[in-house]
Amino acid sequence: MNISLLEPIGVSKHIIDELAGDLIAQGHRFTYYDTKTVDAGELAKRSQDQDIVIIANNPYPAEVIHTAERLKMIDVSFTGIDHVDTTTCKSRGITVCNAANYSNETVAELVIGLTIAVLRKIPTGDIATRVGKTSLGLTGREIAGRTVGIIGTGRIGTVTARLFAAFGARVIAYSRTKSAEAERLGVTYVTLEELMKESDIISLHVPSTAETKHLINAERISLMKTDAILINCARGAIVDNAALAEALRLGKIAGAGIDVFDMEPPLPEKYPLLDAPNTILTPHIAFASEESMKRRAEIVFENIRAYLNGTPQNICKLCSSDQKPQKSLKSSIS
Ligand SMILES: NC(=O)C1=CN([C@@H]2O[C@H](COP(=O)(O)OP(=O)(O)OC[C@H]3O[C@@H](n4cnc5c(N)ncnc54)[C@H](O)[C@@H]3O)[C@@H](O)[C@H]2O)C=CC1
Ligand SMILES: O=C(O)C(=O)CO
């Protein structure tokens, strides 16, 4: 088989060589590209004559998939596969796998970090200290005793629930599928409306699909308490970010911690959240730790071995339209 890693995945060439060693020994041809590309034409060139490709950040659109006539498997070194044209993959019978589980703790820890940074006004405190000011006006709030609402209790949402529970928060959740682990931790499932109304801290952990686009819109934001905060380490499209920025500016909610946007950073100068008050922005780094980078490289190569052995793992649902929106939890838990 021709196997190509089309762009770097956050570990050194040395680690990639080690991970690809047994595939090469078995007679597979492995190609490694160490330059990033955002150009679909170049991506198509790199994909030509390949049976299996490993991808990362770059969108993998229909035009690229169509030209890669031999393609059988796309190994996405991400958790989210929203940048891959899964409809075309489905029609071509191409298997799409992801790197599920590689960054559960890493993402959940950034959620906690952003929450504390917003509640305790850490960036403002940092600036105040450097310009010789006092702690005046920097009284923060604790996580302990607050209600945290987790939207999407899958792999990352469940770890996030565990960390918040360890801080002494009451954790409630809304999710298409319930997590037995979350329930064991004492998480209570509620409707989305109840979650929006009752939570002091809301953290998003659903994938970006047609159903979750602007799940958090102006109407739902208006249900939030005026002293509540929103954390988004999932995908930008899940939130109507113009509506969020407006709510922050008008003081309808108290703050936000945002790692993901409608586009990948760098953000345009006029991006709505850039001047929103009490808001901390990070440039899509929730996934990125030394530990998670190593894990995801191992997982993508395990995915290839499993596929070649006829026991594929981490296969993704290929069409978001397969997923039914959740109207109320009772009617849709699977
Ligand atoms: N900012 C970052 O660096 C990273 C972001 N992510 C994002 O986090 C997302 C979640 O990852 P995992 O927890 O591994 O996914 P997962 O598939 O384990 O969990 C997703 C959860 O969302 C629920 N869900 C899906 N559609 C829903 C809907 N319409 N309404 C209610 N619930 C719904 C599912 O039932 C499931 O419980 C990824 O899809 C990705 O977009 C993941 C890794 C890093
Ligand atoms: O793994 C993911 O889904 C990510 O967002 C990594 O950037």
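What you see is a predicted model, and the numbers here were worked out from it, not measured in a lab. Numbering of residues begins at 1 and proceeds along the displayed sequence.
At least one side-chain heavy atom of Pro8 sits under 4.5 Å from a side-chain heavy atom of Lys36. In this structure, the side chains of Leu244 and Ile221 come closer than 4.5 Å at one or more pairs of heavy atoms. Taking the side chain as every heavy atom from C-beta outward, Val239 and Leu204 approach each other to under 4.5 Å. With a 4.5 Å cut-off on side-chain heavy atoms, Phe167 and Ile116 count as touching. When side chains are defined from C-beta on, Cys89 counts as touching Ile65, because their heavy atoms get closer than 4.5 Å. Using a 4.5 Å heavy-atom cutoff, the side chains of Ile253 and Leu248 are in contact. With contacts defined as side-chain heavy-atom distances shorter than 4.5 Å, the pair Glu109/Val159 does not qualify. Side-chain atoms of Glu7 and Asn57, non-hydrogen and from C-beta on, do get closer than 4.5 Å to each other.
Listed for the Asn303 side chain is no donor-acceptor partner under 3.5 Å among the backbone atoms of Asp75. No side-chain donor-acceptor contact under 3.5 Å links Asn241 to the backbone of Pro272. The backbone N or O of Thr79 sits less than 3.5 Å from a side-chain atom of Asn98, completing a donor-acceptor pair. Checking side-chain atoms of Ser4 against main-chain N and O of Leu6 turns up no donor-acceptor pair under 3.5 Å. Side-chain atoms of Thr160 never come within 3.5 Å of backbone atoms of Thr158 as a donor-acceptor pair (strictly under, hydrogens ignored). Judged by distance alone, the side chain of Lys72 and the main-chain N or O of Arg70 form a donor-acceptor pair under 3.5 Å. With hydrogens and angles ignored, the 3.5 Å screen pairs no side-chain donor or acceptor of Thr88 with any backbone N or O of Ala62. Without hydrogens or angle criteria, Asp51 side chain to Leu71 main chain gives no donor-acceptor distance under 3.5 Å. Judged purely by atom type and a 3.5 angstrom limit, Asn232 uses its side chain to pair as donor or acceptor with the backbone of Arg235.
No single ILVMFWY cluster, assembled from side-chain heavy atoms under 4.5 Å apart, contains both Val118 and Phe261. Val187 and Ile151 are members of different hydrophobic clusters when ILVMFWY side chains are connected at heavy-atom separations under 4.5 Å. In the hydrophobic clustering of this structure, Val260 does not group with Val206; members are Ile, Leu, Val, Met, Phe, Trp, Tyr whose side-chain heavy atoms approach within less than 4.5 Å, directly or through other members. Placement of Phe78 and Tyr33 within a single hydrophobic cluster is found when ILVMFWY residues are connected by side-chain heavy-atom separations under 4.5 Å, directly or transitively. In terms of hydrophobic clustering, with Ile, Leu, Val, Met, Phe, Trp and Tyr side chains grouped at heavy-atom distances under 4.5 Å, Ile172 and Phe164 are assigned to different clusters.
Summarising the local packing, CD of Glu142 is surrounded by 12 or fewer heavy atoms from other residues, nucleotides or ligands at distances under 6.0 Å. Atom NZ of Lys294 is surrounded by 12 or fewer heavy atoms from other residues, nucleotides or ligands within 6.0 Å. More than 12 heavy atoms of other residues, nucleotides or ligands lie within 6.0 Å of CZ in Arg305, so this atom counts as buried by the packing criterion. Residue-environment remark: CG (Leu136) stays at or below the threshold of 12 foreign heavy atoms within 6.0 Å. Annotation: Gln26, atom CD; neighbour count of heavy atoms from other residues, nucleotides and ligands within 6.0 Å is above 12.
Partner of Leu195 under the side chain to side chain contact (heavy atoms under 4.5 Å, CB included) criterion, chosen from Thr188, Val190, Ile150: Val190. When the options Asn278, Thr129, Leu138, Ile280 are evaluated for a side chain to side chain contact (heavy atoms under 4.5 Å, CB included) with Thr124, the one that passes is Leu138.
Between Glu181 and Ser179, the side chains place no donor N or O within less than 3.5 Å of an acceptor N or O (distance only, hydrogens not considered). Side-chain contact, Arg176 with Thr212: no donor N or O sits under 3.5 Å from an acceptor N or O.
One distance of note links CD of Gln48 with OG1 of Thr67; it measures 6.0 Å at 0.5 Å rounding. Separating the CZ atom in Arg220 from the NE2 atom in His214 is a distance of 12.0 Å, to the nearest 0.5 Å. Once rounded to the nearest 0.5 Å, the distance linking CG of Leu192 with CG of Leu215 reads 5.5 Å. We find the CD1-CD distance between Ile74 and Gln50 to be 12.0 Å, quoted to the nearest 0.5 Å. Separating the NZ atom in Lys90 from the OG1 atom in Thr95 is a distance of 13.0 Å, to the nearest 0.5 Å. Atom-to-atom distance recorded for Leu163:CG and Glu105:CD is 6.5 Å, nearest 0.5 angstrom.
For Glu198 and Arg170, the salt-bridge test passes: some basic side-chain N is under 4.0 Å from an acidic carboxylate O. Between Glu193 and Lys197, at least one side-chain nitrogen of the basic residue sits less than 4.0 Å from a carboxylate oxygen of the acidic one, meeting the salt-bridge criterion. Arg141 and Asp200 are not joined by a salt bridge, as no carboxylate oxygen comes within less than 4.0 angstrom of a charged side-chain nitrogen. A salt bridge links Arg249 to Glu246: one of the charged nitrogens lies within less than 4.0 Å of a carboxylate oxygen. Note on Asp34 versus Lys13: no salt bridge recorded, every NZ/NE/NH1/NH2 to OD/OE distance being 4.0 Å or above. Using a 4.0 Å cut-off between charged side-chain N and carboxylate O, Lys45 and Glu42 make a salt bridge.
Of all heavy-atom pairs between Asn104 and Arg155, the closest is ND2-CB, 3.7 Å. In plain terms, the two heavy atoms of Cys233 and Leu110 that are nearest each other are SG-CD2, 4.0 Å. A pairwise comparison of heavy atoms in Ser47 and Leu43 identifies OG-O, 2.6 Å as the closest pair. For Thr106 against Ser292, the heavy-atom pair with the smallest separation is OG1-CB, 3.5 Å. Nearest heavy atoms, Ala68 versus Arg92: O-NH2, 2.9 Å. A pairwise comparison of heavy atoms in Val111 and Ser203 identifies CG1-OG, 3.3 Å as the closest pair.
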**Request:** Please lay out, stage by stage, how Ile285 and Asp259 fare under the test side-chain contact (heavy atoms from CB on, under 4.5 Å).
**Result:** CA-CA 7 Å; Ile285 57 163; Asp259 182 58; 3.5 Å; yes
**Message:** With side-chain contact (heavy atoms from CB on, under 4.5 Å) as the criterion, how do Glu183 and Thr153 come out once you've worked through the C-alpha distance, each side chain's angles and the decisive distance to 0.1 Å?
**Reply:** CA-CA 10 Å; Glu183 288 187 303; Thr153 52; over 6 Å; no
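Other members of the cluster containing Met1 are Ile3, Leu5, Ile9, Val11, Ile15, Ile16, Leu19, Leu23, Ile24, Phe30, Tyr32, Ile52, Ile54, Met73, Tyr102, Phe287, Met293, Ile299, Val300, Phe301, Ile304, Tyr307, Leu308, with ILVMFWY side chains joined at under 4.5 Å, either directly or via other members.
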